Amino acid sequence: KSLREAFSTFDADGDGTISASEVKAMMQRMGQRVTDADVAAMMRHMGARPGQQISFQQFASAYTNQQHDGIDPALEKSLREAFS
């Protein structure tokens with residue numbers, strides 16, 4: 001899948017941004033048990049401050065970045081598998 005397609009998969013309401021609730025819902029649909037702390041870490045990794053949403057640019061930058069500090073390796077693997 002392209003990054004744009006992956007982004008659109010997360011962007012359930014189609015508003016052009018990804019919220020924490022959209023990240024959590026997608027991860028749960030992928031069979032991952034995620035806590036609010038897991039979601040907060042993923043959002044921080046993608047460049048969002050608390051309460052902010054993720055833009056496509058932030059999503060693409062985080063996806064292609066080689067530094068994945070703060071994200072559980074199993075969650076990261078699931079994300080990568082979902083979009084390859």
Side-chain angles (χ1 to χ4, degrees):
K1 291 184 181 179
S2 73
L3 283 178
R4 181 60 74 179
E5 289 173 316
F7 181 84
S8 295
T9 301
F10 275 90
D11 183 17
D13 63 8
D15 70 352
T17 61
I18 301 172
S19 67
S21 62
E22 287 171 320
V23 170
K24 188 171 188 175
M26 176 54 69
M27 296 304 294
Q28 290 172 337
R29 282 193 297 273
M30 293 169 48
Q32 295 293 318
R33 290 185 176 176
V34 292
T35 66
D36 289 340
D38 294 331
V39 173
M42 285 185 263
M43 296 293 286
R44 277 192 311 276
H45 171 73
M46 289 188 273
R49 294 182 187 143
Q52 285 188 327
Q53 297 188 345
I54 300 298
S55 68
F56 174 73
Q57 184 177 6
Q58 289 170 305
F59 179 85
S61 177
Y63 186 80
T64 58
N65 187 352
Q66 296 303 309
Q67 296 293 326
H68 298 110
D69 298 332
I71 296 180
D72 181 290
L75 292 176
E76 180 182 344
K77 182 180 179 197
S78 293
L79 283 171
R80 291 204 175 268
E81 288 173 356
F83 305 125
S84 56

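Bear in mind that the values here come from a model prediction, so they are computed numbers and not experimental data. What you see below is based on every heavy atom in this structure, not just the backbone, and it leaves out hydrogens, waters and symmetry mates.
- Distance check: Phe10 CZ to Glu5 CD gives 14.0 Å after rounding to the nearest 0.5 Å.
- Pairing each heavy atom of Gln52 with each of Met43, the nearest pair is O-CE, 3.5 Å.
- Here the shortest heavy-atom pairing between Ile54 and Phe59 reads CG2-N, 3.7 Å.
- Heavy-atom minimum distance, Val39 versus Ala20: CG1-O, 3.5 Å.
- Under the 3.5 Å distance criterion, the side-chain polar atoms of Glu22 are matched with a main-chain donor or acceptor of Ala12.
- Counting heavy atoms from C-beta on, the side chains of Met42 and Val34 come closer than 4.5 Å.
- Put simply, the side chain of Gln53 never gets that close to the backbone of Thr17: no donor and acceptor are under 3.5 Å apart.
- Pairing each heavy atom of Asp11 with each of Ile18, the nearest pair is N-CG1, 4.2 Å.
- Counting heavy-atom neighbours within 6.0 Å of Asp36 CG, excluding the residue itself, gives a total of 12 or less.
- Without hydrogens or angle criteria, Ser8 side chain to Arg4 main chain gives a donor-acceptor distance under 3.5 Å.
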